[in-house]
Amino acid sequence: MVSNDRFRELVAHCKEYGFVFPSSEIYDGLGAVYDYGHNGVELKNNIREYWWRSMVQMHENIVGIDAAIFMHPTVWKASGHVDAFQDPLIDNRDSKKRYRADTLVEDYLARLEEKAGKEIERARKRFGDRFNEHMFRQTNERLQQLEQQMNDVRRRLQEALETNDLEGLRRLIDDCGIADPESGTRNWTEVRQFNLMFATQLGAVSGESDTIYLRPETAQGIYVNFLNVQKTSRQKIPFGIAQVGKAFRNEIVARQFIFRMREFEQMEMQFFVRPGTETEWYETWKQRRMDWHRRLGFDPDAYRFKDHLKLAHYAKAACDIEFRFPFGFKELEGIHSRGDYDLGNHQKFSGKKLQYFDPDLGSSYVPYVVETSIGLDRMVLAVLSASYAEEQVPKADAEESSSRVVLRLPSVLAPVKVAVLPLVARDGLPEAARKIFDRLKMFCRCYYEEKDTIGRRYRRQDAIGTPFALTIDQQTLSDETVTLRYRDTLHQDRISVRGVEQIIQEKLDWRQWLA
Ligand code: ATP
């Protein structure tokens with residue numbers, strides 16, 4: 001469901017609590033570039049670690065690399081990015097805003113889908129238990145018209161994208177009567193193609209040097225290193241190479257916070273397989289990646305697969321894992337069966353063999369590739385939007401007010417794991433609390449705070465998603481026990497100081513997320 005207010009609240013929350021700031025904010029920011037604050041960087045590091053451990057630690061046949069951002073310019077010719085890494089753009093003459101033409105049509109389709117959903121919900125309410133959705137879909141005239149309209153638009157969009165028919169795309173926008181969300185007018189320019197790569201010069205004297213590009217994806221660093229890695233790691237096919245790193249795209253539309261950035265981070269894994277087995281591996285990786293998302297414990301219905309309408313220049317089959325962001329279902333991760341497109345082209349352009357000798361077959365071939373590619377920043381946004389909640393709470397628990405904002409982050413991802421809070425800042429409590437803090441900080445990130453009422457301190461920890469709080473009070477001094485407070489349930493346990501480490505360690509055990 002579209003919820004702009006909720007999205008605005010989340011963006012404000014991210015700034016207020018040190019997760020994400022606009023880049024160069026004192027100069028009014030830079031379009032679609034963001035910085036991570038002290039909590040944001042921890043969350044991002046933890047997500048990266050969850051991915052890396054799941055991919056590299058948990059798979060004997062996946063190894064990591066860290067390739068440079070700058071690559072030889074021919075890489076981007078071979079990869080097809082110089083010729084084909086482009087999006088169709090359209091401008092509205094009144095608002096002077098620029099849009100991706102295909103996204104305008106996709107948003108229009110999402111509105112039609114929402115309309116159809118509402119028709120069904122209305123009927124469900126009207127008919128109660130007697131409601132049969134299948135029958136309703138087949139017989140309701142209004143719904144059938146909507147479905148027909150959606151199919152028509154989908155077909156025309158797909159045709160236009162596949163054949164690069166920019167005029168057809170423009171006609172479709174006209175025929176759908178799509179207006180600029182900003183100005184409300186239909187005063188559109190023609191649709192044009194726009195290459196998304198950032199170019200720069202290598203070397204001190206421009207003119208003498210070559211144009212090189214900031215990499216628009218991390219994958220190519222893996223392909224050009226395929227043989228280096230395979231030989232030095234002694235991997236046999238099927239095996240994968242994983243990498244996390246920055247990528248850069250001069251995006252046309254950049255108004256969705258860290259969903260679409262011009263500088264962002266990707267977590268990619270390229271899996272090299274024997275030709276003929278790629279479909280099987282594509283299905284396997286689709287499922288494994290969906291499981292990885294669902295293991296975090298958010299609403300399972302917030303994820304869905306979506307096949308691509310238009311295949312990228314390199315793809316044989318491709319789908320997205322979409323996530324229900326506050327502004328609707330959108331791509332979070334791509335899974336692509338890339339065939340031998342990349343290795344084959346690098347072989348051609350470099351003149352170097354990029355083949356694997358398969359001992360089982362007794363022959364050599366260019367391996368096929370199945371890729372999983374997820375934006376780390378997009379994952380940060382997905383996790384934040386799934387965790388963010390405003391809720392009423394009982395006044396017990398020494399809470400100050402009856403409502404709170406809480407980030408229900410999986411504990412393994414939380415920026416701070418344990419808050420150590422002396423009830424008051426005197427009577428020996430800070431000293432006792434410091435001792436516990438100094439022990440706990442050896443194995444997880446903790447936060448010590450003694451100022452303010454305990455209720456306010458709990459609230460601040462809820463707002464950054466700290467799963468556990470330890471409160472040290474007078475009783476601690478006499479019987480060596482502390483209160484362990486759980487963020488989600490507000491439940492409190494009295495536990496012995498000696499048992500604290502073990503309990504916290506159990507709760508933060510990576511095994512729960514990797515199994
Ligand atoms: P979109 O259709 O949203 O532009 P894409 O299909 O071009 O995305 P891919 O090239 O498949 O994206 O990139 C893989 C992943 O990288 C995406 O699923 C997304 O999570 C992330 N990603 C791509 N572009 C951006 C961006 N501009 N900002 C943040 N993350 C991005």
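Order of appearance sets the numbers: ligands from 1, and atoms from 1 within every ligand.
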If you measure from each non-hydrogen atom of Glu217 to ligand 1, which part falls under 4.0 Å: side chain, backbone, both or neither? neither
Hey, does Met261 come in under 3.5 Å of ligand 1, counting only N/O atoms on both sides? yes
Per-atom filter on ligand 1: closer than 4.0 angstrom to a heavy atom of Ser373 are 13 (O), 14 (C), 15 (C), 18 (O)
If you count the non-hydrogen atoms of other residues, nucleotides and ligands that lie under 6.0 Å from CD in Gln144, is the total more than 12? yes
Give the atom numbers and elements of ligand 1 that come within less than 4.0 Å of a heavy atom of Glu333. 18 (O)
Heavy-atom distances under 4.0 Å are what count here, so tell me which part of Glu251 touches ligand 1: side chain, backbone, both or neither. side chain
State if Leu332 counts as touching ligand 1 under the rule of any non-hydrogen atom under 4.0 Å. yes
How about Asn61 and Gln235: do any of their side-chain heavy atoms sit closer than 4.5 Å? yes
What about the rings of Trp292 and His59, do their centers lie closer together than 6.0 Å? no
State, with a plain yes or no, whether a side-chain heavy atom of Leu109 is found less than 4.5 Å away from one of Arg154. yes
Which of the ligand 1 atoms, numbered from 1, are nearer than 4.0 Å to a heavy atom of Gly334: 18 (O)
Identity of the nearest option to atom 9 (P) of ligand 1, non-hydrogen atoms only, from Gln256, Glu268, Arg249: Arg249
When you look for heavy atoms under 4.0 Å from ligand 1, do you find them on the side chain of Met379, its backbone, both, or neither? neither
For atom 31 (C) of ligand 1, the option (of Phe264, Tyr34, Phe248, Phe323) bearing the nearest heavy atom: Phe264
contact_flag Arg100 ligand 1 heavy-atom lt 4.0 Å: yes
I want to know if ligand 1 touches His308 in the polar sense, i.e. an N/O pair below 3.5 angstrom. no
Within the structure, does Asp377 bring an N/O atom to less than 3.5 angstrom of an N/O atom in ligand 1? no
Could you tell me which atoms of ligand 1, counted from 1 in the order shown, lie closer than 4.0 angstrom to a heavy atom of Phe259? 28 (N), 29 (C), 30 (N)
Close side-chain approach of Arg289 and Phe305, heavy atoms under 4.5 Å: no
Atoms in ligand 1 with a heavy atom of Gly375 nearer than 4.0 Å: 15 (C), 16 (O), 19 (C), 20 (O), 21 (C)
Does Gln86 reach the side chain of Phe194, with side-chain heavy atoms less than 4.5 Å apart? no
Mind checking whether Phe327 and Phe325 have ring centres under 6.0 Å apart? yes
For Ile237, does its backbone N or O pair with a side-chain atom of Tyr356 as donor and acceptor, under 3.5 Å? yes
Tell me, please: is His336 in heavy-atom contact with ligand 1, that is, under 4.0 Å? yes
Is Leu10 close to Leu381 at the side-chain level, that is, under 4.5 Å between some pair of heavy atoms? yes
One thing to verify: whether Asp291 and Arg288 come together as a salt bridge, which I'm taking to mean a side-chain N less than 4.0 angstrom from a carboxylate O. no
